Protein chains: 2
Amino acid sequence: MTPSQTAVRPDDAPEPTYTGPVEDYLKTIYELERATGTATTTDIAHRLAIAPASVTGMVRRLADQRLLKHEPYRGVRLTQAGQRVALRTLRRHRVIETFLARVLGYPWDAVHDEAERLEHAASDELVDRMATALDEPTVDPHGAPIPSRDGTVNDRRYASIADLPLGQRARLVCVSDDDPARLRYLAELGLTPGALVVVLARAPFEGPLSIRVGDPGRAADHAIGPALARALLVEPS
Amino acid sequence: MTPSQTAVRPDDAPEPTYTGPVEDYLKTIYELERATGTATTTDIAHRLAIAPASVTGMVRRLADQRLLKHEPYRGVRLTQAGQRVALRTLRRHRVIETFLARVLGYPWDAVHDEAERLEHAASDELVDRMATALDEPTVDPHGAPIPSRDGTVNDRRYASIADLPLGQRARLVCVSDDDPARLRYLAELGLTPGALVVVLARAPFEGPLSIRVGDPGRAADHAIGPALARALLVEPS
DNA sequence: GTGGCGATTTAGCCTAAACTAATTATCATC
DNA sequence: GATGATAATTAGTTTAGGCTAAATCGCCAC
Ligand SMILES: [Mn+2]
Ligand SMILES: [Mn+2]
Ligand SMILES: [Mn+2]
Ligand SMILES: [Mn+2]
């Protein structure tokens, strides 16, 4: 667990405020860049559920504000300034999710949608107070790392359970959080962060995986599809 | 303390969602109507810190949506539907203020600005969870009544300390919440909801009031201006 | 009743952020 | 090296919610 610097703040200028849509674009681009190297127009459009032409328009505005660089027909890359805004928004989102789950008893499949709106309305002051009340949490309810106040984040890459060698014991680290129904299903299977998992068998041709979930004695076996498997990140143990 | 019906919900239709600006207009109009009978263009503009011409435009849109009736050059009145939205927003605002103060330790002069934004992003679900966690509070940190889930509110009128007879003992019920500096000053003077107050003297020609604040033994005397006095609501006791 | 003045509305403009339809660029394939 | 298929951009439109400047209304004083 080596937290590594991914963005620095160059000075103490009072960070300007951005609109909700702008924060969501930057957050999405940050995650796409991290996942696939560069963020393309279509990917961004798909994630935000808007038309590709709309993305082109917003990307031009964000480039004007030096929040990203746009290579037409190629993709976009966040600047340091853009990354800073993205990480601040990601911190808000994840601190809020954690607060809703731990303090207000929200089920883990309901926190994401609520946080998706609150992240744009909550002040840094509020988010910091929540973080303090939670004793400075480092991961959100789905296992995603929470960036620190000063914009550093644990950006360690984990393997997906889809790539885990047969028989290798591992801990579930993180699950993707955007589909409530999927999250409810995962909880039913005991697939929450920290759970012990082993892959028993993997069927060929994009077939299902047989997995054993849970600590010895209370383990249960399940079969999951390859798409679901790719959304589960694990750490061998 | 007789809670009286100020709005009813006619059916169980899923209340549509409104934009932040719309909610703020309706909330402001509700309060102006309550305070002065009718809400005028200039009053609304002044409260929301926007140009009167902008208010005329928005009022037309709100009238189109049957949220209020507009008599040109005369003023506006909320419809039942408009009142319902106003009270729901007011409930959110006040529950959020109370939560910030009691659970997260916010000072009472900082909760209003934060709630002014969060009230538009928080779901009813979240607000109800906050209210439950607070054991269904009935007043916010400034003493204003919190509308219930079903849209009823204690709309009892209180006298201002400016109108209190000399020597009459009274309890401070509610202070206006929009000026942080004023709130900090009131706290310094011990003028928080529940405080015992007596008017000792009142200078003529809009002069200052001499008041005694606090329970016998720990009481202190202060002089306050008439404008400040009008912002302090009391209940004789 | 007429003037004047403050309150209000109208007219015209702007920005953000979305859309659809049409055009253009890139790239793999023949 | 020409050709589609796919991705991306451009062009033009829409809606919400602001703005300023100009016109108009309501009402009080004379
Ligand atoms: Mn989330
Ligand atoms: Mn969001
Ligand atoms: Mn308030
Ligand atoms: Mn507000």
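Just so it is clear: chains get the letters A, B, ... in the order the sequence lines come, proteins before strands, and each one is counted from 1. Everything numeric here is computed off the predicted structure, so don't read it as measured data.
Using a 4.0 Å cut-off on heavy atoms, the residues of residues 61-74 of chain B that approach DNA chain C are B/H70, B/P72, B/Y73, listed by number. Residues from residues 45-53 of chain B lying near DNA chain D, meaning a heavy-atom separation below 4.0 Å, are B/I50, B/A51, B/A53 in numerical order. Sorted by residue number, the list of members of residues 114-123 of chain A with any non-hydrogen atom under 4.0 Å from DNA chain C is empty.
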Distance-only criterion, 3.5 Å: show the donor-acceptor pairs between side-chain atoms of residues 59-66 of chain A and protein atoms not counting sequence neighbours.
none

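Listed by chain and residue number, A/D109 satisfy the side chain to side chain donor-acceptor pair (under 3.5 Å) test with A/R184 (two or more places apart in sequence, or in another chain). Not counting sequence neighbours, the partners of B/E206 by the side-chain contact (heavy atoms from CB on, under 4.5 Å) test are B/P226, B/R230. In this view, B/E31 and B/R47, B/R94 satisfy the salt bridge (Lys or Arg N to Asp or Glu O under 4.0 Å) rule, not counting sequence neighbours. With sequence neighbours left out, the ring-ring contact (aromatic ring centres under 6.0 Å, His included) criterion links B/H112 to B/H93. Every residue two or more places apart in sequence or in another chain that forms a side chain to side chain donor-acceptor pair (under 3.5 Å) with A/D178 is listed here: A/R182. Residues forming a side chain to side chain donor-acceptor pair (under 3.5 Å) with B/Y106 (at least two apart in sequence, or on another chain): B/E114.
The list of ring pair (Phe, Tyr, Trp, His ring centres under 6.0 Å) pairs with a residue in residues 47-75 of chain A, not counting sequence neighbours, is empty.
Look at A/T56 and you won't find any side-chain N or O under 4.0 angstrom from OP1 or OP2 of D/dT10. A/T19 has no side-chain polar atom (N or O) that falls below the 4.0 Å cut-off from OP1 or OP2 of C/dA16. The side chain of B/T41 contributes an N or O atom lying less than 4.0 Å from OP1 or OP2 of C/dT9.
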Using the 3.5 Å cut-off, write out each protein N or O paired with an N or O of nucleotides 12-15 of chain C and the distance between them.
none

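Checked options A/I50, A/L67, A/L68; the residue passing with A/Y25 is A/I50 (criterion: side-chain contact (heavy atoms from CB on, under 4.5 Å)).
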